[in-house]
Student: 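First, the structure itself, so that you have it in front of you.
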2 protein chains.
Amino acid sequence: MPLAHRVPDLGALELLLAVARLGSLGAAARELGITQPAASSRIRAMETTLGVALVDRSPRGSTLTAEGVLVTDWARRVVEAAEAFDAGAQALRGRRDSRLRVAASMTIAEYLLPGWLIALRAQWPGTAVSLQAGNSALVARRVLEHEADLGFVEGVSAPDGLSSTVIAQDRLVVAVAPGHPWARRRSPVPAAELARTPLVLRERGSGTRQVLDAALAAHGGLAAPLLELASTTAVKAAAVSGAGPCVLSELAVVDELAGRRLIEVPVADAVLGRALRAVWPTGTRPAGPARDLLSLTRAPAR
Amino acid sequence: MPLAHRVPDLGALELLLAVARLGSLGAAARELGITQPAASSRIRAMETTLGVALVDRSPRGSTLTAEGVLVTDWARRVVEAAEAFDAGAQALRGRRDSRLRVAASMTIAEYLLPGWLIALRAQWPGTAVSLQAGNSALVARRVLEHEADLGFVEGVSAPDGLSSTVIAQDRLVVAVAPGHPWARRRSPVPAAELARTPLVLRERGSGTRQVLDAALAAHGGLAAPLLELASTTAVKAAAVSGAGPCVLSELAVVDELAGRRLIEVPVADAVLGRALRAVWPTGTRPAGPARDLLSLTRAPAR
DNA sequence: ATGAGGCCATAAACTGAATTTATGAGCAGG
DNA sequence: CCTGCTCATAAATTCAGTTTATGGCCTCAT
């Protein structure tokens, strides 16, 4: 039952990617700092547990089989997720003495920041980053007190005393399980109907909840929630299992929408957009590493 | 340097998710079939290597710390990628005697199929699936010869002798590295300019190349390629490192676009869309597991 | 209050898997 | 025909994760 027994470990997946890239077991082994027999043995172990030949070995190198190409592509996605984990974890560990101290809202820290950190590392290696995640008020305070060099918040406007630039546009999405009646609607749901429908929501006080409250105030205000849950994950899980419609940041549900575990329900007459902003103390322009990071996050025309 | 030493293994990540969900080390251990001290030790090891406390332990259970929530969310993405890997790998191993034999083009097998398989497993557990990946001609042949119950191809029209339904709309995307002049263009690139620009492409004969050839035939035809590479991955890598513009399926570059390693360049006057189709022998309607899978893949209005 | 039952931590022995060292065999190219 | 690359095999070693066994802490119910 546990996944870990059926999926090769990260080291083996990384090795497979190196073999694919370098075309040789031995070269891949050298790159990863292990010996060639170890690499040979790991690849072989992988092939036996998967039941598929992955590489064609020859006296002048190894190339992937057709199945190997596919497996390698799937492996790449696992390794990329692990890289994002690593980038985030390093920032979380890095503390006060870091060259770049970042404070970010949960949503941004969770979905966007790891990617930025990977890009930052690629472009300016050696930048030590520390991350503090929390709500908008915490981010604002850290930046104002110069405990953070750069902050990231989602919200309609920037907190007092802070300059900001919009780096992306987020959007709240109404989503339901595929079996829900709204999943088959052709026309958008009127905001008033959304307002009077019991929803699966985060608890009062979350940023998402506040935006939703404001957007539906003109349409009669939010009905009593169907469920009030403490985390984005719990809200998603409830909605996927059919509890009812949920409202979450687009960033939080892209995967579920792509995998059709949730279906987006268009809404009419309500503005559910919100800006994602980088913020810094008014007066001081971001410089050094903060400026580098900012340049990576600027949203293009999309 | 190797990633595997800094990122906890999949078992530990899975354990962390179970702890988050169940609120207890012991309960999580039971679910994963290990003993409580083992779970305690793994979580502790994780905390020391990450340098961050992840769970608040108490005599009546364990809850995640603020950092723990973030780490768990990042871990979830790794585990989800591993689940996709597992689903794909199982289908690759499953052979002739499977209840559902699928043939799919590389792009679909790589990006879409694992998600479908996970959904299929969730909704109809115990369906044994076998997967054969290859080009359109191979998929068509397997389906015609009843070696596969269902096929998935990308292309303008369905192969002869096969019925089909469009399950999604794919699109070829022109993308460049952020430093490329086209990345800062405000106006779309005219098709004629694209046609006379040397591009980074897959080798002649690939589906992507064929669609591009057809689309640009009316605009002077493709210029000699800047680079001709054998795999989608190689094309992406070349484009990311600034070799020049590449043209790839939208599915292949969503991650790079989201992480701003590549920038999409809009193109005027050229139709770069193509349908993704499920195909089956004319006459026989998909039934049983094939029908179940088909129902999962039908594209909604998006 | 006091015992029962949940939770987690610690210690020591065990097990097994991954690794290294050492070696051999096949193929290309000077 | 030797040199240098490739990968495979075998045996010894090392190390990490696990289990078994125990103890402490807290809450709840008697």
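Just so it is clear, the model here is predicted, and its values are computed rather than measured. All chains are named by letter (A, B, ...) in the order of the sequence lines, taking the proteins before the strands, and each is independently numbered beginning at 1.
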Student: Report, one line per pair, each donor and acceptor closer than 3.5 Å where one atom sits in a side chain of residues 122-129 of chain B; sequence neighbours left out.
Tutor:
from, atom 1, to, atom 2, distance (Å)
Thr127(B), OG1, Trp124(B), O, 2.9

Student: Whole Å only: how far is the NE2 atom of His5(A) from the P atom of dA17(C)?
Tutor: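 Taking NE2 of His5(A) and P of dA17(C), I get 10 Å after rounding.
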Student: Could you tell me how far apart Arg44(B) (CZ) and dA11(C) (P) are, to the nearest whole angstrom?
Tutor: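 Answer to the nearest Å: 11 Å.
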Student: Can a side chain N or O of Ser40(B) be found less than 4.0 Å away from OP1 or OP2 on dA9(C)?
Tutor: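 Indeed, a polar side-chain atom of Ser40(B) lies that close.
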Student: Side chain of Thr72(A), backbone of Gly68(A): donor and acceptor closer than 3.5 Å?
Tutor: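 Side chain of Thr72(A) to backbone of Gly68(A): a pair is present.
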Student: Sequence neighbours left out, what pairs pass salt bridge (Lys or Arg N to Asp or Glu O under 4.0 Å) with at least one residue falling in residues 124-135 of chain A?
Tutor: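 Found none.
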Student: Got Leu15(A) and Leu13(A) here, is their nearest side-chain heavy-atom distance under 4.5 Å?
Tutor: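 A side-chain contact under 4.5 Å is absent here.
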Student: Any side-chain hydrogen bond (donor to acceptor under 3.5 Å, both in side chains) involving residues 44-55 of chain B? Give me the pairs, sequence neighbours left out, ordered by first then second residue.
Tutor: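 Those involving residues 44-55 of chain B are Glu47(B)-Arg57(B).
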Student: How many Å lie between CG on Leu54(B) and C1' on dC8(C), as a whole number?
Tutor: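 The distance from CG of Leu54(B) to C1' of dC8(C) comes to 16 Å, rounded to the nearest Å.
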Student: Could I get the full list of side-chain contact (heavy atoms from CB on, under 4.5 Å) partners for Ala238(A), not counting sequence neighbours?
Tutor: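 Only Val200(A), Leu227(A), Leu229(A), Ala243(A) meet the side-chain contact (heavy atoms from CB on, under 4.5 Å) criterion with Ala238(A).
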Student: Would you list the pairs meeting salt bridge (Lys or Arg N to Asp or Glu O under 4.0 Å) in which at least one residue belongs to residues 33-43 of chain A, sequence neighbours left out?
Tutor: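 Only Asp9(A)-Arg42(A) qualify under salt bridge (Lys or Arg N to Asp or Glu O under 4.0 Å).
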Student: For DNA chain D, which residues in residues 59-66 of chain A have a heavy atom at a distance below 4.0 Å?
Tutor: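 When residues 59-66 of chain A is checked for heavy atoms under 4.0 Å from DNA chain D, the hits, listed by number, are Pro59(A), Gly61(A), Ser62(A).
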Student: Between dT10(C) atom C1' and Leu25(B) atom CG, what is the distance in whole Å?
Tutor: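 Between C1' of dT10(C) and CG of Leu25(B): 14 Å.
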Student: Quick one: list whatever passes salt bridge (Lys or Arg N to Asp or Glu O under 4.0 Å) with Arg77(A), sequence neighbours left out.
Tutor: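 For Arg77(A) the salt bridge (Lys or Arg N to Asp or Glu O under 4.0 Å) partners, ignoring immediate neighbours, are Asp255(B).
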Student: Check nucleotides 19-21 of chain C against the protein and report each pair of N or O atoms closer than 3.5 Å, with its distance, or say if there are none.
Tutor:
from, atom 1, to, atom 2, distance (Å)
dT19(C), OP1, Arg42(A), NH1, 2.7
dT20(C), OP2, Thr35(A), N, 3.0
dT20(C), OP2, Thr35(A), OG1, 2.7

Student: Enumerate the residue pairs fulfilling salt bridge (Lys or Arg N to Asp or Glu O under 4.0 Å) with a member in residues 115-139 of chain A, sequence neighbours excluded, ordered by first and then second residue.
Tutor: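 Only Asp86(A)-Arg121(A) qualify under salt bridge (Lys or Arg N to Asp or Glu O under 4.0 Å).
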Student: For the pair Ser40(B) (side chain) and Gln36(B) (backbone), establish whether a donor and an acceptor sit closer than 3.5 Å, ignoring hydrogens and angles.
Tutor: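 No, because the side chain of Ser40(B) does not come within donor-acceptor range (under 3.5 Å) of the backbone of Gln36(B).
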Student: Output the residues of residues 16-24 of chain A in contact with DNA chain C, where contact means a heavy atom of the residue under 4.0 Å from an atom of the strand; sort by number or write none.
Tutor: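 By residue number: none to list.
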Student: Report all side-chain donor-acceptor pairs from residues 21-29 of chain B shorter than 3.5 Å, counting only partners two or more places apart or in another chain.
Tutor:
from, atom 1, to, atom 2, distance (Å)
Arg21(B), NH1, Glu31(B), OE1, 3.4
Arg21(B), NH2, Glu31(B), OE2, 2.8
Ser24(B), OG, Gly26(B), N, 3.2
Ser24(B), OG, Ala27(B), N, 3.0

Student: Ignoring hydrogens and geometry, is there a side-chain-to-backbone donor-acceptor pair from Trp74(A) to Glu110(B) under 3.5 Å?
Tutor: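 A pair under 3.5 Å: yes.
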Student: Ser130(B) side chain to Arg101(B) main-chain N or O, any donor-acceptor pair under 3.5 Å?
Tutor: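 Pair absent, no side-chain N/O of Ser130(B) close to backbone of Arg101(B).
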Student: Tell me, please, the opening and closing nucleotides of DNA chain D, 5' to 3', among those with an atom under 4.0 angstrom from a non-hydrogen atom of chain B.
Tutor: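 Nucleotide range with atoms under 4.0 Å of chain B: dT18(D) to dT27(D).
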